[in-house]
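Order of listing sets the numbers, starting from 1, for every ligand and every atom in it. This one's a predicted model, so the numbers in the text were calculated from it and none came from an experiment.
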Amino acid sequence: MSAPANSSLVDRFAPSPTGQLHIGGARTALYNWLVARGSGGKMILRIEDTDRARSTKENVEQILDALEWLDIDWDEGPISQAAADGRHREVLAQLLESEHAYEFEGSTRLKVPDEGSTTVHDVIRGDVTFQHENIDDFTIARSDGSPLYNLAVAVDDLDSGVTHVVRGEDHLSNTPRQVMILNALGHEPPVYAHLPLLHGPDGKKLSKRHGAASVQELREAGYVPEAVRNYLALLGWGYDDKQTLFSTEELKELFSLDRVSKSSAVFDEQKLRWMNGTYLRELAPADLTERLEKFTGRDGLADAVELCREKIQTLADFWPLAGFFFDGPADDPKAREKFLDEEGRSRLQAAREALATTEPFDTPSIEAALREVVTRLDAKPNKVFQPIRVAISGTTISPGIFESLELLGREESLARIDSALSTS
Ligand code: GLU
C-alpha cells in the first residue's frame, strides 16, 4: 500500500543542534521527508535551539550540511524555536488566565487532573494510555519566565499547522504532556508516530562503538547518499520480506508509517557496506570516477576506477587498492619477505623477460605470455603472479594482475620489477 495522497499533510523534523547529525536523527529526518514527499504534503525544518549554549552556529550548520548531503529538502524553515519565545510567553499568559496553569514558587505548572487518563494515538504503536495519577502537575516555564520544552514543542506544532509528528520513541513519554497542553488551548493533537530505537548488532543502544555514528562519519567512511538513504529507510520499515534495494523514487512511492515496526531496529554497518557496494557498481563509470576524484582529492582516476569498481564497497576502499598506480608500490615488508624470496625472485626474473617482449602490451597478450611462463616453470599460477603483484603494487592485494600491468605500461612495470629484483 502506498502512502495516500494527502496534500494537507504537514510534518516536521525538529532537531536540537548538538553537533553532527546522529544516524537516529537522520532516520527521523528521512521518514518525515518520505511521508511528506510521498503524500504531496509539506515538511518543516524546525531547529530546537532554546538551549542557547549548545545551539551554536556551527552545530546548526552541521545539521543543514548532513541534510544537504542526504539530499533531504524541506518546504518551510529552518524555523528557530528560540525566535518564537515571545509567542511561547503569550501562550503561558493565556494558560494562566484560563486557569489551566498556575504559578508555584515562581515557576508555572500545568494542572493535570487527579483522575482519568490521556491517550496518545500513535500510528505505529496504536493507542498508548497514560493514567493521570502517574503524571504530576508539570512545569511549563521556569521562575525567570522562560518557557520549557513541552510547551514550546506543542505551541510550535500548533502554530505551524503540523498534522503528523514523526519522531524517536524516546519522546513518547513527553507526548501526553504535549497533548494536555494542546487540549488546554482548545486544540486536537496531531497524529503521532514514534519510531523504534536503534541498536547496534550487539543489542546495545547505537553509539560510536558500533562504527560510524553520524551522517558526517558515514560520508567520511565513503558511503554514498543514495545507499545511506536506502539503508536508513530499512531501519524500522520494510515493504515485504524480500526487497532490500529501493531507489529513492520507490521509497517515496512505497514508504508508509503503518509499516514501521514497533521493535527496535539494528544498525549493522556490514549490511550498509554491502548495500553501498551494490550502489557503487550501478553508477555510470564517469559518475563513479567523479565521486572518487572528489573523495580522494586526486584526478585522472578513470582507468584505475574501471579496474577496481567490482572490488570496492565504499569510496574509501578505492585508494588502498589503487593508490600504487599513482604513488608507486606500497611498503609492505611482510609481502616482500614472503613472495620475493630467492625462489620468488627467480620466477619474477622469468616473468620480466617475457614481459619485455610481449607485443602488444595489452591484457590478452600479457596474460598469454605469463601463462606460458607458468607452464614452462611448471609452477602454480600464483607462484608467478604474486611476486609480480608484490613488485608492482608492494602488496598482495591489487586489481587483476594482467590489467594492472597494462595500465602501468611496459616501461613502468619493468622499472618496478627491476627495482624489486635489486632491493629484495
Ligand atoms: N528536538 C528533539 C530532538 O532532537 C525532537 C523533538 C520533537 O521531534 O518533538 O530529539
**Side-chain donor or acceptor of S39 paired with backbone N/O of A36 under 3.5 Å** = yes
**Request:** Verify the distance criterion only: is there a donor paired with an acceptor across the side chains of W33 and D73 at less than 3.5 Å?
**Result:** yes
**Prompt:** Angle class for the F326/W319 ring planes (parallel below 30°, perpendicular above 60°, tilted otherwise)?
**Reply:** parallel
**Request:** Would you mind running through ligand 1 and noting each atom that sits below 4.0 Å from a heavy atom of E48?
**Result:** 1 (N), 2 (C), 5 (C), 6 (C)
**Item:** ligand 1 versus S16: contacting region, heavy-atom distance under 4.0 Å
**Value:** both
**Request:** Tell me, please: is Y192 in heavy-atom contact with ligand 1, that is, under 4.0 Å?
**Result:** no
**Prompt:** Which atoms from ligand 1 have a heavy atom of R12 less than 4.0 Å away?
**Reply:** 7 (C), 8 (O), 9 (O)
**Item:** For atom 6 (C) of ligand 1, closest protein heavy-atom neighbour
**Value:** Y149 OH, 3.0 Å
**Message:** Taking CG in D144 as the centre, count heavy atoms belonging to other residues, nucleotides or ligands within less than 6.0 Å. Is the count above 12?
**Reply:** yes
Show me the donor-acceptor pairs within less than 3.5 Å that the side chains of residues 106-113 make with the rest of the protein, sequence neighbours left out.
| residue | atom | partner | partner atom | Å |
| --- | --- | --- | --- | --- |
| S107 | OG | F104 | O | 2.9 |
| K111 | NZ | E99 | O | 2.8 |

**Asked** If we only count N/O pairs under 3.5 Å, is A14 in contact with ligand 1?
**Response** yes
**Asked** In chain order, what residues pass the side-chain contact (heavy atoms from CB on, under 4.5 Å) check against V374, with sequence neighbours excluded?
**Response** P381, V384, F385
**Item:** Shortest protein contact, atom 10 (O) of ligand 1 (heavy atom only)
**Value:** H171 NE2, 2.9 Å
